[in-house]
Chemist: 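Okay, handing you the structure first.
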Amino acid sequence: MAINIEQPNISQRPHKSPANKLFRMLGAACCCLIVLVMAGIVIELFIKSQLSMNTFGWGFLTSSTWDPVNGKFGALSSISGTIVTTIIALIIAVPMSLVVSIFLVELAPEKLSGIFGTAIELLAAIPSIIYGMWGLFVFVPIMGKYINPLLSKWFGNTFLFSGPSSSGLGILTAGCILALMVLPFITSVMRDILMMVPPVMKESAYGLGATTWEVTKDVSIPYGLRGMVGAVFLGLGRAIGETMAVTFVLANDHTLSSSLFAGGNTIASTLAVEFTEASDGLYLSSLVQLGLVLFLITAIFQIIAQVWLKYAGKNGGRS
Amino acid sequence: MRPRSITQRKTLNGVVTLIAGSAAVFGLCMLVWILYTVVSRGIGAINWDFFTQLPKPPGMSGGGVANAILGTVMITAAATIIGVPIGMMAGIYLSEFGQESKFANTVRFVANIMMGAPSIVIGVFAYTIIVLRFGFSGYAGAIALAIIMLPIVTRTTEDILKLVPNTLRESALALGAPEHKMIFEVVFRAAKSGLVTGVMLAVARVSGETAPLLFTAVNSKFWNWLMVGETGNLTVTINDYAKSAFNDQNTMAWGASLLITAGVLFLNITARLISRDRKAKR
C-alpha cells in the first residue's frame with residue numbers, strides 16, 4: 001500500500017499567502033504615510049506662504065517691520081528673538097546639564113542617582129505650558145524685582161542690559177525659562193550617553209590610581225563627546241521651536257532692541273499669539289511663512305544632529 | 001601632564017563633586033519649586049464643581065472646566081486612535097521587513113526629523129489643510145496631535161520589537177505561521193509591556209500639548225460631545241485663563257495646570273512601572 005504523504009502546496013506557503021502580502025503592503029503604506037505627511041507639511045506651508053513670498057521676497061527675512069495694519073511684514077525681529085532666547089537657554093542649560101549628568105553617573109551614590117535620574121525624566125515630561133504659567137506668575141516678578149535691577153546695576157552701561165528692567169518680562173526671562181525647560185531633557189540624554197561608556201575603560205583608569213574626577217575628565221567625557229554634542233543639538237531643536245514656555249513672558253513686541261530686558265517675540269510665540277487674529281490673506285500668509293522658516297531651521301538642526309550622531313555611532317562614540 | 005600631589009588631586013576631586021552635586025540639587029530644587037507652585041496654587045481650584053460644571057463668565061466665581069476635561073480626553077483619544085495603529089504598523093514594517101533597506105532608512109530619517117518638528121508648526125499645517133476647509137473642530141486638533149504621535153510611536157515600536165529575540169520569530173515561522181500571525185501572536189506578546197509603555201508615553205506627551213490646539217480645536221465654554229466646531233480643552237483653557245485679568249480665572253488656570261500635570265505624571269509613572277515589571281521578570 002502506498003503511503004500517501006500530503007505534499008505541501010507551494011502556492012500555499014504562508015510567506016506567499018495573500019494575507020501576508022497585504023500585511024506587508026499595509027506596513028509599507030504606513031511608512032509611506034510618514035514620508036507623505038512630512039512632504040505635505042513642507043509643500044502645504046510653501047504653497048500657503050506664496051502670497052507673502054511674492055510680496056516681500058527675500059526682504060521678508062531681513063526686514064524688522066511688522067505692521068499688520070498697513071500690511072507690511074518682516075521676520076527679522078522674530079528670527080533674532082528666536083536665536084537670542086535659544087542662545088541664552090543653551091548658555092545656561094548646557095553646562096548645567098553636563099555637570100548634573102556627570103554627577104548622576106559618576107559621582108553620586110547609586111541610590112541617589114536612581115532617584116535623581118527618575119525625577120529628571122519625569123520633569124522632562126511636564127507640559128511646556130506649565131513652565132510658561134510658572135514663568136509668568138512666579139519667575140517674572142522675581143526677575144523684575146531682584147535679578148534684573150541687579151544686572152542693570154552691574155552691567156547697565158553695556159548694550160545688553162540697558163533700558164528699563166522692572167517689568168520682569170522680556171527676552172532674558174524667556175531664555176531662562178527655556179533653559180529650565182530643556183535642562184531635564186539634555187541632562188537625561190547626556191546621562192544615557194555617559195552610562196554607555198564601557199566599565200572596563202573606567203576601571204582600568206581607576207586601576208591606575210585616578211580619582212573619580214580624573215576618570216570623568218580623561219575617559220568618560222572624551223569617549224562620549226560626540227554623543228554629547230548631539231544631545232546639545234537635540235536640546236537646541238527643542239528650544240528653538242518651543243512655544244508655550246516663552247509666549248507669556250515675551251510681551252509679543254516686534255521692535256528690534258539690543259537690550260535683553262526689552263520685550264520681544266520668537267517665531268513660535270508670534271504664531272501662537274497672532275494666528276487666530278490674522279484677518280486678511282497677506283497677514284495669514286506671512287504667518288505661515290514664519291512657520292515654514294521655523295520648520296526649516298529645526299529640520300536643518302535635526303539633520304545635522306542625525307548625521308553627527310550616525311558618524312559618532314560609527315566611531316564607537318570616540319572623538 | 002603636570003605631576004601633582006595626591007592631596008591636590010583628592011581636593012580637586014572633592015571640589016568637583018561638590019560643584020556637581022550642588023548643581024544637581026539646584027536644578028532639582030528649581031523643578032520641585034515649579035511642581036510645588038502648581039500644586040499649592042492649583043489645589044484651591046479643585047472641587048466637585050471643577051469637574052462637573054461649565055465655565056462661568058469672566059468675573060464670576062465658581063464654575064468648572066468639565067467641558068474642557070471632556071474635550072482633552074476626547075481629542076487625545078481620537079489622536080491615539082488615528083496615530084497609534086498607523087505608527088505601529090510603520091514600526092512593525094521597519095523592524096520586521098524594512099530592516100536596513102534604503103526605504104526603511106529614509107523612513108527612519110524622516111520620522112526623526114518629524115519628531116523634532118515644533119508642535120506649533122504641525123498646528124499651522126493642520127490649520128491650513130483642515131481648518132481652512134472645514135472650520136475649527138476637535139478633529140483638526142486630534143489630527144495635529146496624531147501627526148505628533150506618529151513618528152514617536154513608530155520609532156518606539158521599532159526599538160521594542162527589535163529587542164525580541166529572533167529565535168522566537170524563527171520558531172513561529174518554522175511551525176508554519178504566516179508573518180502577520182507570527183508578529184501579532186508571538187512577537188507582540190513578548191513585547192507587550194514595552195509596547196504599552198511606549199504608547200502610554202506617547203499619549204502623555206501629546207495630552208499636554210497646547211500649541212497645536214491653539215488654532216485647530218481652539219476653545220469653548222460649552223459642552224461639545226461631537227467635537228465639531230470649537231472644542232474646549234484643558235491646555236488652551238490654561239492659556240486663555242492665564243492671560244485673563246480676573247483672579248478667579250487665574251486660579252482656574254492653576255487648577256487645570258495641576259490636573260494636566262497630575263495626569264501626565266500619572267501616565268509616565270505607570271508606564272515606567274510597567275516596563276520595570278517586565279525587566280524584573282526577565
Side-chain angles (χ1 to χ4, degrees), chain A residues 14-15 17 19-20 23-24 26-28 30-31 33-35 37-38 41 44-45 48 96 99-100 102-104 107-108 116 119 122-123 125-127 129-131 133-134 136 138 180 183-184 211-214 237 240-241 243-244 248 268 271-272 275-276 288 291 294-295 298-299 302-303 306, chain B residues 9-10 12-13 16-17 19-21 23-24 27-28 30-31 34 37-38 86 89-90 92-94 97-98 106-107 109-114 116-121 124-125 128-129 147 150-151 154 176-180 204 208 210-211 214-215 235 238-239 242 253 257 260-261 264-265 268:
Chain A
H15 271 278
S17 76
N20 222 5
F23 182 68
R24 269 188 188 228
L26 199 63
C30 290
C31 286
L33 195 68
I34 294 177
V35 180
V37 167
M38 175 82 175
I41 292 173
E44 176 71 16
L45 294 186
K48 288 282 161 28
M96 266 199 73
V99 173
V100 173
I102 288 174
F103 176 76
L104 291 180
L107 304 169
F116 268 59
L122 287 181
L123 288 163
I126 291 180
I129 191 162
I130 308 293
Y131 288 88
M133 280 279 284
W134 180 83
L136 180 61
V138 180
L180 212 54
L183 178 70
T211 62
T212 312
W213 165 241
E214 284 162 354
I240 282 183
T243 313
M244 302 321 295
F248 292 147
L271 288 175
F275 210 86
T276 43
V288 174
L294 178 62
F295 182 74
T298 47
Q302 272 298 318
I303 291 170
Q306 295 246 335
Chain B
R9 288 170 53 209
K10 280 201 168 158
L12 184 65
N13 191 42
V16 171
T17 311
I19 293 173
L28 206 65
M30 290 300 275
L31 298 160
I34 294 177
T37 313
V38 172
I86 300 177
M89 277 308 290
I92 291 172
Y93 185 86
L94 290 182
F97 309 126
T106 314
V107 172
F109 186 73
V110 170
N112 282 351
I113 292 175
M114 235 168 109
S119 55
I120 193 150
V121 173
V124 171
F125 173 64
T128 63
I129 209 154
I147 293 176
L150 190 58
T154 303
E179 276 167 339
H180 58 97
T210 313
L214 281 173
F215 25 84
T235 43
I238 299 172
N239 178 62
S257 300
I260 203 89
T261 310
V264 168
L265 289 185
N268 264 280

Chemist: Parallel, tilted or perpendicular, judged at 30° and 60°: which one describes the rings of A:F23 and B:H180?
Modeler: tilted

Chemist: Of all the heavy-atom pairs spanning A:M96 and B:A23, show the shortest one and how long it is.
Modeler: CE-O, 3.6 Å

Chemist: If you tally heavy-atom pairs under 4.5 Å against chain A, which of B:T154, B:I260, B:T17 wins?
Modeler: B:T17

Chemist: Would you mind checking which part of A:M244 comes under 4.5 Å of any heavy atom in chain B, side chain (CB onward), backbone (N, CA, C, O), both or neither?
Modeler: side chain

Chemist: At their closest point, which heavy atom of A:N20 faces which heavy atom of B:E179, and how far apart are they?
Modeler: OD1-CB, 3.1 Å

Chemist: When rounded to the nearest 0.5 angstrom, what is the spacing between CD1 in A:I303 and CD1 in B:I113?
Modeler: 4.0 Å

Chemist: Under 4.5 Å from any heavy atom of chain B, what part of A:L45 do you find: side chain, backbone, both or neither?
Modeler: side chain

Chemist: With A:V138 as reference, evaluate B:T37, B:I34, B:V38 under the side chain to side chain contact (heavy atoms under 4.5 Å, CB included) test and give the passing residue.
Modeler: B:T37

Chemist: Can you tell which part of B:T106 gets under 4.5 Å to a heavy atom of chain A, answering side chain, backbone, both or neither?
Modeler: neither

Chemist: With a 4.5 Å cut-off on heavy-atom pairs, point out which of A:I41, A:L104, A:I126, A:I102 contacts chain B the most.
Modeler: A:I41

Chemist: Less than 4.5 Å to any heavy atom of chain B: does that hold for the side chain of A:L123, its backbone, both, or neither?
Modeler: side chain

Chemist: Where does B:I86 contact chain A at under 4.5 Å (heavy atoms): side chain, backbone, both or neither?
Modeler: both

Chemist: Side chain from CB out, backbone as N, CA, C, O: work out which of these in A:F295 comes under 4.5 Å of a heavy atom of chain B, or both, or neither.
Modeler: both

Chemist: Could you check whether any side-chain heavy atom of A:F103 comes within less than 4.5 Å of a side-chain heavy atom of B:I19, counting everything from C-beta outward?
Modeler: no

Chemist: At what distance, to the nearest 0.5 angstrom, does CD1 of B:I238 lie from CD1 of A:I129?
Modeler: 5.0 Å

Chemist: Please look at A:T298 and chain B and tell me whether the side chain, the backbone, both or neither of the residue comes under 4.5 angstrom of a heavy atom of that chain.
Modeler: side chain

Chemist: Let me know if B:A204 has heavy atoms under 4.5 Å from chain A in its side chain, its backbone, both or neither.
Modeler: neither

Chemist: Looking at A:T212, A:L183, A:L136, which makes the most heavy-atom pairs under 4.5 Å with chain B?
Modeler: A:T212

Chemist: Of the backbone (N, CA, C, O) and the side chain (C-beta and beyond), which part of A:A268 lies under 4.5 Å from a heavy atom of chain B, both, or neither?
Modeler: both

Chemist: Under a 4.5 Å cutoff for heavy-atom pairs, which residue among A:I130, A:I240, A:V35 has the most contacts with chain B?
Modeler: A:I130

Chemist: Looking only at heavy atoms and a cut-off of under 4.5 Å, which of B:V264, B:N268, B:L31 has the most pairs with chain A?
Modeler: B:L31

Chemist: State, to 0.1 Å, how close A:C30 and B:M89 come at their nearest heavy-atom pair, and which atoms those are.
Modeler: SG-CB, 3.4 Å

Chemist: Considering only heavy atoms and a distance below 4.5 Å, find which of A:L33, A:L26, A:L122 pairs most often with chain B.
Modeler: A:L122

Chemist: With a 4.5 Å cut-off on side-chain heavy atoms, are A:C31 and B:L94 touching?
Modeler: yes

Chemist: In terms of heavy-atom pairs under 4.5 Å with chain A, which of B:G116, B:P118, B:G208 leads?
Modeler: B:P118

Chemist: Measure distances from A:L271 to the heavy atoms of chain B and classify the residue's part below 4.5 Å as side chain, backbone, both or neither.
Modeler: both

Chemist: Would you check if A:I34 and B:L150 make a side-chain contact, meaning some heavy-atom pair closer than 4.5 Å?
Modeler: yes

Chemist: Return the NZ to CZ distance between A:K48 and B:F125, rounded to the nearest 0.5 Å.
Modeler: 9.5 Å

Chemist: Flag the pair B:M30 / A:W134 as yes when at least one side-chain heavy-atom distance between them is below 4.5 Å, and no otherwise.
Modeler: yes

Chemist: Under a 4.5 Å heavy-atom cut-off, does chain A meet the side chain of B:L214, its backbone, both or neither?
Modeler: both

Chemist: Over all heavy atoms of both residues, which pair between A:A272 and B:I120 is shortest? Give the atoms and the distance, please.
Modeler: N-CD1, 3.6 Å

Chemist: Within a strict 4.5 Å, meaning less than it, do heavy atoms of the A:P127 and B:T235 side chains meet?
Modeler: no

